[in-house]
Amino acid sequence: MLQITLPDGSKRDYENPVSIAEIAESIGPGLAKAALAGRIDGALVDTSHVVAENAEVAIVTERDSDGVEVLRHSCAHLMAQAVQRLFPEAQVTIGPVIGDGFFYDFSYERPFTPEDLAAIEKTMGEIVKENLPIDRSVMSRDEAIAMFKEMGEKYKVEIIESIPGDEDLSFYRQGEFIDLCRGPHVPSTSKFKAFKLTSVAGAYWRGDAENEMLQRVHGTAWGSKADLKLYLQRLEEAEKRDHRKLGKHLNLFHFQEEAPGMPFWHPKGWTLYQIIQQYMKGVQDANGYKEINTPQLVDSSLWKKSGHEAKFSDEMFTVEAADNRIYVIKPMNCPCHVQVFNQGLKSYRDLPLRLAEFGSCHRYEPSGSMHGLMRVRSFVQDDGHIFCAEEQIQAEVASFMDLLFAVYRDFGFNEVILRLSTRPEKRVGSEELWDKAEQSLKDALNATGLHWELVPGEGAFYGPKIECSLKDCMGRIQQCGTIQVDFFTPGSLGAQYVAEDSDRKTPVMLHRAILGSFERFIGVLIEQYAGAMPAWLSPEQAIILNITDKQAGYCLNLEESLKNKGFRVSADLRNEKIGFKIREHTLQKIPYLLVVGDKEVESGTLAVRKRGGEDLGTMTIDDFCDHLSQDVAHLGRSGVIKEIANNVNGVAKEDVAI
RNA sequence: GCUCGCAUAGCUCAGGCGGUAGAGCACUUCAUUGGUAAUGAAGAGGUCCCCGGUUCAACUCCGGGUGUGAGCACCA
């Protein structure tokens with residue numbers, strides 16, 4: 001006799017041990033059919049799993065996010081089976097669930113083509129129709145290795161050999177296909193209702209560029225066709241936010257072949273850039289930073305000393321001048337900041353010394369890594385270096401984190417991904433220093449009270465770092481802010497200060513940036529707002545539209561007085577219908593459209609329409625200035641001003657709160 | 001850097017078993033002076049990414065490059 005407690009609290013008694021599938025059947029045939037997996041006391045299991053003791057049991061279906069995840073994992077197996085039917089020589093490797101889908105990496109004599117993808121998808125459909133049961137079994141390591149060796153699956157053999165311990169391994173078989181897997185999996189291949197293979201790309205075996213390149217096939221799977229359709233629509237919507245598209249459409253910047261990875265900023269884009277830079281200047285001034293500026297070209301000897309040349313010579317641009325010296329176009333500002341620190345004898349009383357620079361840097365990034373504004377070869381960071389004593393690290397890192405969150409909130413980012421990257425294989429400095437540095441960053445992260453993730457081995461060669469990342473429109477993680485502890489560079493470049501006991505000591509340097517590169521940050525910002533910048537950032541805050549030529553003079557006066565108040569305003573006096581102008585400037589995502597006809601001229605007012613379509617009615621110039629000033633003053637802090645999400649003819653629906 | 005895909009008008013994209021090309025929008029001109037998401041008409045606009053090869057003939061086929069997209073690797 002055992003008692004099963006269901007999620008609704010109801011209890012059911014069974015005479016003998018029962019499987020999840022049997023429990024589902026006993027509840028109802030519909031549920032039995034829908035069952036993809038089960039959950040026993042929180043742990044996911046197959047529907048074939050037998051419950052022998054009293055437990056809390058849930059039947060997992062496609063309506064459950066865990067159910068969809070199981071479905072995706074099983075769909076990866078389904079795809080692998082189809083691949084091996086079509087290409088018996090193909091070897092299987094790994095096939096995990098990711099985000100909204102899954103992938104599977106195959107080794108094959110040639111890359112898969114888009115036509116292959118279609119064929120694989122078709123074969124998957126056939127296997128679904130075959131309704132093959134998916135059965136779990138257990139094998140010892142040795143048995144498993146022998147089996148995969150016989151099958152010629154050398155990657156699977158390698159995977160099993162790298163699993164520590166000698167416990168038994170679980171396997172899942174469906175028809176002729178068997179795969180090593182922890183599971184759980186859906187009970188049969190008939191369970192797949194909506195899947196689609198999305199792309200094929202190369203991926204290195206075990207993520208190492210020294211290894212063979214495998215064929216990675218990406219796919220997505222959903223509980224229903226409707227969900228799949230919604231997902232594909234969501235993808236399309238996300239693509240509309242792509243900063244590369246919007247950058248072109250809103251005339252913010254462009255790239256061209258002659259300068260790969262180096263943006264050409266247009267007037268509107270540069271206005272946005274400058275607003276952000278001026279904002280950061282203010283933030284830094286108010287927080288104890290001294291702004292400096294250092295040379296673009298510095299003799300390669302400095303980069304040798306700093307250790308950068310040894311590691312990054314392939315990624316540095318250089319210039320050979322008429323004096324036969326090799327100058328490096330600076331890839332970063334830190335060695336130059338140490339030079340500024342080194343001028344004049346520093347005392348412990350000078351610490352912490354916070355130097356900041358909007359320094360233009362160039363790096364020869366690998367061609368395949370470039371991505372719009374997110375990864376460029378020329379960029380400017382809101383870069384800063386804090387020279388401090390060891391005992392000041394903790395406080396400096398903590399106040400930096402506070403500052404960073406305040407800035408992100410101003411830009412409307414309420415979700416930040418925090419990661420701590422610790423010592424990499426190739427590194428400088430003693431273990432003791434690394435211990436200390438990593439601990440101080442951990443302490444600072446814990447002090448934020450927020451969730452953070454440890455990324456072992458991903459630190460810089462000179463020290464560990466905290467990375468603060470945001471997501472782009474496709475959900476890719478973009479690293480923006482960072483703070484890095486560096487016990488090495490100051491010493492290697494001869495930085496010293498006089499301590500209280502009049503001994504010479506080497507300061508610690510904290511590399512830090514809040515936005516990171518302006519380029520990347522603006523890229524993320526554009527995607528965050530889908531191009532509809534809040535008023536404080538919008539390159540054009542308002543545009544004045546006349547109904548007919550008669551109001552032209554009034555409009556020009558209006559434009560001048562708004563400009564005199566510091567607003568970014570222009571007038572569109574073209575001989576076009578008002579509807580045409582409204583449409584055009586709405587598509588350009590200008591926050592306020594100011595319409596002037598005879599009525600407004602007569603009463604000395606203007607009619608205000610917001611970008612989302614909301615009509616604020618007629619108001620005086622002063623009232624409008626007050627309104628716009630208030631809007632600007634709120635920056636991008638969300639929840640302060642809410643724009644009514646009017647959806648006029650379906651065009652402006654991507655507008656977000658301003 | 002690696003794998004695969006893509007490159008046609010300012011933009012978004014069609015197109016052709018190899019015979020030098022089209023649409024919509026934008027642009028120019030003319031008419032129109034209209035109250036909240038496209039007024040009408042006419043016109044102009046292309047080395048079909050670059051360099052080679054095959055061919056009577058290449059934008060199209062082949063090779064190499066460059067740029068770009070997805071993914072991998074890298075990211076001071």
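Only heavy atoms go into these numbers, but all of them, side chains included; no hydrogens, no water, no symmetry mates. Sequence lines set the chain letters: A, B, ... in the order given, protein chains first and strands last, and positions in each chain run from 1.
Arg611(A) and Ser538(A) share no side-chain donor-acceptor pair at under 3.5 Å. Judged by distance alone, the side chains of Lys330(A) and Thr294(A) do bring a donor and an acceptor atom under 3.5 Å apart. Counting only N and O atoms by type, the side chains of Lys268(A) and Gln588(A) include a donor and acceptor under 3.5 Å apart. For the residue pair Thr482(A) / Gln484(A), a side-chain donor-acceptor distance below 3.5 Å is found, with atom types taken as modelled.
As rounded to whole Å, 16 Å separates atom P of A76(B) from atom CD1 of Ile483(A). Rounded to an integer number of Å, the gap from Met474(A) CE to G69(B) P is 13 Å. Nucleotide G5(B) holds its P atom 14 Å from the CZ atom of Phe112(A), rounded to whole Å. Atom CD1 in Ile477(A) sits about 12 Å away from atom P in C72(B), given to the nearest Å. Across the protein-nucleic acid pair, Asn546(A) atom CG and U32(B) atom P stand 17 Å apart, rounded to whole Å.
In RNA chain B, runs of at least 3 consecutive Watson-Crick or G-U pairs, each pair with both distances below 3.5 Å, span B:1-7 with B:66-72, B:10-13 with B:22-25, B:27-31 with B:39-43, B:49-53 with B:61-65.
Residue contacts for Gln479(A): at a heavy-atom cut-off of 4.0 Å it reaches no nucleic acid atom on any strand shown. If you check every strand for non-hydrogen atoms under 4.0 Å, Pro331(A) touches a base. Note on Gly463(A): nothing from the nucleic acid sits closer than 4.0 angstrom, heavy atoms only. Nucleic acid contact class of Ile578(A) (heavy atoms, under 4.0 Å, all strands): sugar-phosphate only. Using a 4.0 Å heavy-atom distance criterion, Lys599(A) is classed as a base contact. Nucleic acid contact class of His511(A) (heavy atoms, under 4.0 Å, all strands): none.
You'll find a donor-acceptor pair under 3.5 Å spanning the side chain of Glu600(A) and the base of G35(B), going by distance alone. Asp615(A) contributes no side-chain N or O that forms a donor-acceptor pair with the base of U36(B) under 3.5 Å. With hydrogens and angles ignored, a donor-acceptor pair closer than 3.5 Å exists between the side chain of Arg609(A) and the base of A37(B). The base of G1(B) lies close enough to the side chain of Tyr204(A) for a donor and an acceptor atom to sit less than 3.5 Å apart. Arg375(A) contributes a side-chain N or O that forms a donor-acceptor pair with the base of C74(B) under 3.5 Å.
Aromatic ring centres of Phe87(A) and Phe112(A) lie closer together than 6.0 Å.
When distances run from any side-chain atom of Ala209(A) to the nucleotides G5(B), A73(B), A70(B), the shortest one goes to A73(B). Side-chain proximity of Pro366(A) to the nucleotides A76(B), A73(B), A37(B) is greatest for A73(B).
Using atom C1' as the reference point in both C27(B) and G45(B), the two lie 9 Å apart (nearest Å).
Contact between Pro490(A) and Met509(A) at its shortest, heavy atoms only, is CG-CB, 3.5 Å.
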I'd like a table of donor-acceptor pairs (distance under 3.5 Å, sequence neighbours excluded) in which one partner is a side-chain atom from residues 256-264 of chain A, with atom names and distances.
residue   : atom : partner   : partner atom : Å
Gln256(A) : OE1  : His254(A) : NE2          : 2.8
Gln256(A) : NE2  : Glu258(A) : OE1          : 3.3

Identify the pairs formed between an N or O of the protein and an N or O of nucleotides 8-10 of chain B at a distance under 3.5 Å, and give each distance.
none

